[in-house]
Amino acid sequence: MGVKLGILGLGTVGTGTVQLLQDAVGRHPLLPEIEIYRVGVRSHNKPRAVELPEGTITTDLEAIVNDPLVDIVVEVMGGLEPARSLILQALRNGKHVVTANKAAIARFGDEIFTTANASGVYVLLEAAVGGGIPVIQPLKQSLSVNRIHTVTGIVNGTTNYILTRMQNEGGNFDDVLADAQRLGYAEADPTADVDGLDAADKIAILASLAFNGRIDLQDVYCEGIRQVSKTDIAYAEKLGFVIKLLAIAKKITPSSSLSVRVHPTLVPKVHPLASINGVYNAILVEGEPIGQVMFFGPGAGAGATASAVSSDILNLVATLKTSTTSPNPLLSCGHQDYCQIAPTAELVTRFYTRFLTGDHPGVIGKIGTCFGNHGVSLESIVQTGFQGELAEIVVVTHDVTEGDFHQALAEIRTLEAIVSIPSLLRVL
Ligand code: NAP
Ligand code: HSE
């Protein structure tokens, strides 16, 4: 007997998934056992890129999650509600769920996985992070015997596209964003992408898997790319860096708490993430004993996400065919407790800062003294030129705590010569 799918959503991801499942030749031999039984949409009259038997498409999504014949619910509609309620209802009804919805998982993962565990079913989410890149299952299975200490990702294609173009063309953020919107690479409302919120959802999910605990999204420090200027990109280039929006989850020793954050970062040109350009995503996982593993590929798009969603469906089909009374620990979520998140002030990083100052004698010395007063050691401090009447001074620090650095900066702001601090970026 075939496995019946109830798919919620027939947009980019839903259509790609249906197309893949309908074209099974040359793919996994279990695919023909999958039946696209119901597909839920908002608008019945919209033209669709796929053909489905009469009666398959419906606007009654609750009927799908309550239908006793549906084995697996595939949530690819997006948004928070009604997606959350429909997922929960499907789980309560004993159905496995596949979702691409990082926003819902990052916010409601606790109740979703608790409900799944109580019902003895699985929630799989390979497409939620990195689009077509297999990274969720590798973290849950292949890499799970390692002690992971850092996960560093370029997990948002829109911002990577914008930063890559700013780097290659010397353009301003606003101009490149407008062009990216015109070309369809950026959404009309780019907030979730350019303000780092989408990347924050994704690193919360990756951190949860890598460090075996739940992550409260409010604990994820988040800075977007709006303030990255072409001037900073040019200075970074001179200093041997490119600027990337990194999502980082890192174990802090010796406390074993976590730092989970998203911010634009100067990445050394020789670092493996420096060469990830355009809309591509990459995730670097570091652990013991494996060392470094990097996952690279398309982070979005119909084909990429269809690959990830269909692989989750396949895993569940295999599970449904295996009769067992206890859950498969490689697929279920066993987390009960929240991870401890380190205060931002304790985080250690290098900083790049650009000052605009009056062209007074001794300014560089005074800035250096303020940093020294707070134990901040400098890797370089240079006056790089002038902007009108103002001198431009660029500082790169050695590793410092965020707390010490910000105290030094507070003291520097009181110096008479300081006119503004237009840039402050972290260095990998
Ligand atoms: P989309 O193109 O906007 O499609 C959404 C689909 O869901 C549409 O078919 C829409 O129906 C249906 N839908 C939305 N709200 C509904 C409601 N309240 N009731 C009934 N139907 C509703 O979205 P998408 O790009 O495929 O993204 C889907 C999910 O995948 C999101 O969670 C997204 O974050 C995630 N994701 C997307 C990508 C990507 O490359 N697009 C990559 C990774 C993850 P109509 O067709 O009738 O409007
Ligand atoms: N808006 C997301 C991005 C889509 O730009 O990466 C994939 O999640």
Side-chain angles (χ1 to χ4, degrees), residues 6-19 38-50 52 57-65 73-87 97-108 125-133 135-136 153-164 177 180-181 183-203 205-206 224-225 244-245 247 262 276 278-283 297-309 312:
I7 302 180
L8 311 179
L10 192 56
T12 304
V13 182
T15 301
T17 302
V18 169
Q19 282 170 336
R38 289 284 179 273
V39 179
V41 296
R42 193 183 343 234
S43 157
H44 224 318
N45 302 325
K46 225 183 203 177
R48 304 287 170 186
V50 286
L52 288 160
I57 295 184
T58 172
T59 53
D60 188 352
L61 277 66
E62 280 190 35
I64 296 179
V65 299
V73 167
V74 181
E75 186 278 300
V76 286
M77 61 191 291
L80 299 182
E81 285 291 0
R84 167 186 160 275
S85 300
L86 290 165
I87 290 172
V97 169
V98 172
T99 179
N101 193 334
K102 62 263 175 172
I105 292 293
R107 280 159 192 79
F108 312 125
L125 53 138
E126 190 59 73
V129 183
I133 304 172
V135 64
I136 302 285
I154 294 173
V155 289
N156 184 270
T158 306
T159 45
N160 204 43
Y161 175 83
I162 292 171
L163 290 173
T164 303
L177 171 61
Q181 286 173 312
L183 293 168
Y185 287 107
E187 305 268 351
D189 177 2
T191 313
D193 293 317
V194 300
D195 291 335
L197 310 174
D198 173 77
D201 291 347
K202 291 169 176 170
I203 195 65
I205 293 170
L206 293 179
I225 65 163
K244 296 286 183 192
L245 183 70
V262 172
I276 308 304
V279 292
Y280 281 96
N281 284 194
I283 298 112
T305 48
S307 165
V309 168
D312 282 345

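Whatever order the structure lists them in is the order used to number ligands and atoms, beginning at 1. Residue numbers run from 1 in the order of the sequence given.
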N/O of Gly301 under 3.5 Å from N/O of ligand 1, yes or no? yes

Atoms of ligand 1 under 4.0 Å from any heavy atom of Ser43, numbered from 1 in the order shown, are 47 (O)

Could you say whether the N/O atoms of Gly9 and ligand 1 ever approach to under 3.5 Å? no

Would a 4.0 Å cut-off, counted as strictly less than, catch a protein heavy atom around atom 23 (O) of ligand 1? no

Is there at least one pair of N or O atoms, one from Gly11 and one from ligand 1, spaced under 3.5 Å apart? yes

Compare Gly16, Ala127, Ala306, Ala300 and give the one whose heavy atom is closest to atom 43 (C) of ligand 1. Ala127

Heavy atom of the protein closest to atom 5 (O) of ligand 2 (residue, atom name, distance): Thr158 OG1, 2.5 Å

Verify atom 3 (O) of ligand 1: protein non-hydrogen atom under 4.0 angstrom away: no

Residue and atom name of the nearest protein heavy atom (relative to atom 10 (C) of ligand 1), distance in Å to one decimal: Arg42 N, 4.3 Å

Give the residue and atom name of whichever protein heavy atom lies nearest to atom 34 (O) of ligand 1, and the separation in Å to one decimal. Lys102 NZ, 3.0 Å

Of all the heavy atoms in Lys202, does at least one lie under 4.0 Å from an atom in ligand 2? yes

Please indicate whether any nitrogen or oxygen in Gly131 is less than 3.5 Å from any nitrogen or oxygen in ligand 1. no

May I ask you to check if ligand 2 and Glu187 share an N or O to N or O distance below 3.5 Å? no

Tyr280 atom OH: more than 12 heavy-atom contacts under 6.0 Å: no

Yes or no: does Gly131 have any heavy atom under 4.0 Å from an atom of ligand 2? no

Return a yes/no value for Thr305: is any of its N or O atoms, backbone included, closer than 3.5 angstrom to an N or O of ligand 1? no

Nearest heavy atom to atom 20 (C) of ligand 1: which of Val41, Val309, Thr15 does it belong to? Val41

Tell me, yes or no, whether the heavy-atom count around Tyr185 atom OH, taken from other residues, nucleotides or ligands under 6.0 Å, exceeds 12. no

